[in-house]
K.L.:
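Questions regarding the structure given below will be posed in turn.
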Amino acid sequence: MTTLERVLEAMHAELVDLQYMLFLDDVHYVWPKIQRDIHRLFPVNWTNRSTVVFTTCDADFSLPQPQPTPLLNMSLGDETDTGFHEFLQRALGKANATLEKYITEECIMRQIIQESTEARWPQLRTLARLCVTNISAYLKVLSELKDLSLKSLISWDWQYHMLPPRIRHCYLYMALFPEAFQIPIRRLLRLWVAEELVVKSDLPSTKTLEDVELSDVMLLQTRKMIQVEEKNGRPKTCWIPKDKYKFFSWKAKDLGFFYVHSDSSSRPKFNVRRLAAHVDIIKDYPTSDPYYIQHLRSYINVTRTRDTPAVQVGDFLDKYIKHIAEQRFGLLRVLDLEEVYKPLLKDETLGKLVLLTYLGLSWTFLDSLLDSIGALQHLETLDVKHTNITSLPSSIWKVKKLRRLLLRWAFLDSLPDSIDLSNSVVAKWLTKLSNLQKLDLTYHHSTAEQIANLVKDLRGLHSLGLRSLNEFGEPSGLMLPDMTEHINLSDLYLVGALKKLPNSPHNAEFQFPPNLKSLTLTGSQLQGSDMRLLGNLEQLNTLRLYGQSFFGDEIIFYDKAFPKLVVLKLWVLEELKRLGMDVGSLPSLEELDI
């Protein structure tokens with residue numbers, strides 16, 4: 001017997017003799033997976049008035065035969081709105097003593113819905129859900145948030161339930177941050193992944209988790225659920241608008257999605273699973289209470305003062321470890337201390353967080369990383385950017401599941417200026433990283449050819465930064481290999497005078513990645529013909545030419561050049577005197593910065 005058959009049999013056994021009412025909302029998302037077995041899943045006993053209610057906005061939706069009750073089409077275009085009343089009668093039954101209460105509340109809300117200029121069916125479906133579930137909770141939040149109207153709550157609740165189910169959780173997660181807090185999108189996406197708000201098995205094989213999460217952010221912006229601030233044509237931060245934040249923050253906490261500890265915190269309704277520290281949490285957080293600590297999966301610092309007491313953070317973790325010592329391990333999976341100044345983490349404390357998958361230490365200005373990092377066998381993301389960490393402990397090699405290592409600078413080899421990389425630890429390490437997606441290297445120009453040959457074989461890269469410097473730290477010769485097979489590479493950042501590999505044909509052109517979207521050059525010393533080559537990159541949307549990246553007094557953008565370029569920056573090009581643009585060039589340009 002398969003797992004599915006066992007599940008169907010178990011559900012049938014549980015429901016067959018019960019009186020129940022089940023609501024399946026937006027069923028068209030999962031209908032293809034359950035349609036064939038619908039009668040086995042929900043054995044309706046009509047003598048007990050059992051009911052299964054499906055809602056869908058799919059006009060072609062149909063139930064399998066035999067169909068014991070007709071479909072109710074709630075296409076409510078007239079003033080009587082009889083469909084909604086019939087829905088309540090059919091779902092609740094005339095004998096239900098609470099029907100009169102629901103109808104009374106319906107009359108109150110009907111006046112609101114009739115004032116709306118939006119389509120009635122989606123909002124009325126929301127009203128039905130509120131009536132059948134817990135409208136009193138919404139009336140309660142109205143009393144708490146006095147500047148909001150029931151009409152606004154209904155509209156926002158409808159917008160929320162129109163989101164794909166997976167994105168709803170991602171959206172509620174954003175309310176974990178304080179009101180008007182501009183959340184760095186790179187941090188938000190990594191937390192979504194760490195919290196497993198996206199299941200990898202549900203993704204197309206060509207998409208990464210981060211790709212899907214970024215598209216989710218764009219969808220939320222399109223539907224006006226969030227505001228996004230861009231920099232250089234790219235989304236950088238986002239936040240929930242003020243009025244919506246009040247409602248959805250309440251909704252998330254009411255559902256037990258997370259707990260925000262602040263000066264005025266009251267006891268949470270559920271065991272705390274996610275804890276967000278908006279203020280000085282440590283001094284009064286009840287770490288001795290199992291209700292607050294034993295089920296904790298995520299601790300996230302969301303202050304932005306960079307002066308959260310380091311000692312108190314260490315004390316909090318010590319108390320947490322002490323409390324769960326009897327269980328032998330902590331359940332904590334996400335520890336994000338971003339912007340906590342030099343938190344005092346102890347080897348014996350960190351090493352006991354064996355289920356940790358995400359450790360965020362960005363902007364903590366730590367000087368070193370603890371050796372006990374090697375005990376974190378489930379760690380997938382380690383973020384130590386914007387710290388003083390420039391070397392990693394050897395125990396890092398024990399972390400077999402590490403997928404994202406984010407650091408600003410690291411001295412991986414201490415070698416003289418003229419070296420042979422063939423026996424280098426760095427070279428051997430890089431050649432094994434066949435799934436590496438992002439790489440940023442700064443190196444001495446004498447190793448430029450060897451670095452180019454290494455990069456040539458890393459065809460899974462999505463983002464690449466190369467800086468070739470001389471002994472004075474100035475841009476020097478940077479050899480660019482043939483990158484036409486780097487089909488996933490979309491972001492390229494180069495510092496140094498571009499040169500071809502010695503074995504390239506004398507008159508060969510530079511071969512850039514075909515799907516490049518962002519290109520930043522400094523000291524590249526390009527000529528006029530090279531600009532024509534860049535103009536043929538059909539997917540390029542951002543081009544930044546910084547100091548000495550172009551040698552010449554004229555740049556001409558020819559017809560049909562740069563078809564998708566949105567952002568063009570030309571900085572400190574000292575010899576440049578003239579820009580020429582043919583009709584038909586740069587058709588998508590929105591930002592020109594000279």
Side-chain angles (χ1 to χ4, degrees), residues 218 228-236 440 445 448 452 462-470 473-484 486-487 489-500 504-594:
M218 297 299 99
V228 174
E229 183 178 86
E230 294 188 350
K231 183 178 180 181
N232 295 326
R234 293 184 174 189
K236 287 296 181 182
D440 196 346
H445 68 94
H462 290 214
S463 175
L464 174 64
L466 298 176
R467 299 174 185 83
S468 178
L469 308 178
N470 61 20
E474 299 168 339
S476 190
L478 187 156
M479 293 189 182
L480 191 69
D482 183 341
M483 306 193 74
T484 52
H486 288 68
I487 58 175
L489 190 60
S490 61
D491 191 345
L492 186 59
Y493 182 98
L494 303 175
V495 177
L498 293 188
K499 298 181 179 180
K500 305 179 185 69
S504 301
H506 177 69
N507 58 350
E509 297 178 325
F510 293 116
Q511 301 295 322
F512 288 95
N515 297 316
L516 200 60
K517 294 182 178 179
S518 176
L519 177 61
T520 304
L521 301 176
T522 298
S524 302
Q525 302 180 14
L526 296 180
Q527 307 294 326
S529 59
D530 298 321
M531 290 301 298
R532 186 187 286 269
L533 176 65
L534 296 181
N536 293 329
L537 295 173
E538 296 182 352
Q539 304 301 321
L540 195 67
N541 59 37
T542 301
L543 176 61
R544 306 181 189 94
L545 300 180
Y546 294 156
Q548 300 183 5
S549 58
F550 180 82
F551 276 3
D553 61 0
E554 180 181 69
I555 293 179
I556 297 178
F557 296 98
Y558 294 96
D559 182 23
K560 299 181 181 179
F562 298 100
K564 293 186 178 180
L565 196 69
V566 176
V567 178
L568 175 61
K569 293 178 179 285
L570 307 173
W571 289 9
V572 201
L573 305 182
E574 297 176 353
E575 296 184 16
L576 185 63
K577 298 179 181 178
R578 180 175 179 269
L579 285 180
M581 297 189 182
D582 288 352
V583 175
S585 66
L586 303 172
S588 304
L589 192 67
E590 296 179 8
E591 180 181 342
L592 175 60
D593 186 352
I594 305 177

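Bear in mind that the values here come from a model prediction, so they are computed numbers and not experimental data.
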K.L.:
Look up atom CG in L540 and atom CG in N515, then write down how far apart they are to the nearest 0.5 Å.
P.N.:
11.0 Å
K.L.:
Show the nearest heavy-atom pair for residues L498 and F512, with the distance to one decimal.
P.N.:
CD1-CZ, 4.2 Å
K.L.:
Tell me, please, which residues at least two apart from N541 pass side-chain hydrogen bond (donor to acceptor under 3.5 Å, both in side chains).
P.N.:
none
K.L.:
Who passes side-chain hydrogen bond (donor to acceptor under 3.5 Å, both in side chains) against T520, sequence neighbours left out?
P.N.:
R544
K.L.:
Counting C-beta onward and ignoring hydrogens, is there a side-chain heavy-atom pair between L494 and L480 closer than 4.5 Å?
P.N.:
yes
K.L.:
Tell me every residue that passes side-chain hydrogen bond (donor to acceptor under 3.5 Å, both in side chains) with D482, counting only those two or more places apart in sequence or in another chain.
P.N.:
T484
K.L.:
Heavy-atom count check: over 12 atoms from other residues, nucleotides or ligands less than 6.0 Å from E575 CD?
P.N.:
yes
K.L.:
Apply side-chain contact (heavy atoms from CB on, under 4.5 Å) to L489 and L464, showing your working.
P.N.:
CA-CA 8 Å; L489 190 60; L464 174 64; 3.9 Å; yes
K.L.:
Measure the shortest side-chain to side-chain distance between L545 and M531 over non-hydrogen atoms and say whether it is less than 4.5 angstrom.
P.N.:
yes
K.L.:
Could you grab the distance from atom CD of Q511 to atom NE2 of H486, nearest 0.5 Å is fine?
P.N.:
12.5 Å
K.L.:
So which heavy atom on G473 is nearest to which on L469, and how close?
P.N.:
O-CD2, 3.9 Å
K.L.:
Would you compute the distance between atom CG of L586 and atom CG of L592 and round it to the nearest 0.5 angstrom?
P.N.:
8.5 Å
K.L.:
Calculate, to the nearest 0.5 Å, the distance between atoms OG1 and CG belonging to T542 and D491 respectively.
P.N.:
8.5 Å
K.L.:
If every non-hydrogen atom of L543 is compared with every non-hydrogen atom of L534, which pair is closest and at what distance?
P.N.:
CD1-CD1, 4.4 Å
K.L.:
How far apart are the closest heavy atoms of I594 and L579, and which atoms are they?
P.N.:
CD1-CD1, 3.7 Å
K.L.:
Quick one: are I487 and P514 in side-chain contact, heavy atoms under 4.5 Å?
P.N.:
yes
K.L.:
Search all heavy atoms of S585 against all heavy atoms of M581 and return the closest pair with its distance.
P.N.:
OG-CB, 3.8 Å
K.L.:
Under 3.5 Å, is there a donor-acceptor pair between the side chain of S468 and the main chain of G477?
P.N.:
yes
K.L.:
About how many Å separate OG of S588 and CG of L568, when rounded to the nearest 0.5 Å?
P.N.:
12.5 Å
K.L.:
Please tabulate, one pair per line, all N/O donor-acceptor pairs under 3.5 Å involving side-chain atoms of residues 548-567, not counting sequence neighbours.
P.N.:
from, atom 1, to, atom 2, distance (Å)
S549, OG, Y546, N, 3.2
S549, OG, Y546, O, 2.5
E554, OE2, R578, NH1, 2.3
Y558, OH, R532, NH2, 3.4
K564, NZ, Q539, OE1, 3.2

K.L.:
If you look only at pairs with a residue in residues 513-542, which of them pass as a ring pair (Phe, Tyr, Trp, His ring centres under 6.0 Å), with sequence neighbours excluded?
P.N.:
none
K.L.:
Please identify each residue that fulfils side-chain hydrogen bond (donor to acceptor under 3.5 Å, both in side chains) with E538, with sequence neighbours left out.
P.N.:
none
K.L.:
Would you give the length of the straight line joining atom CG of L478 to atom CZ of R467, rounded to the nearest 0.5 angstrom?
P.N.:
11.0 Å
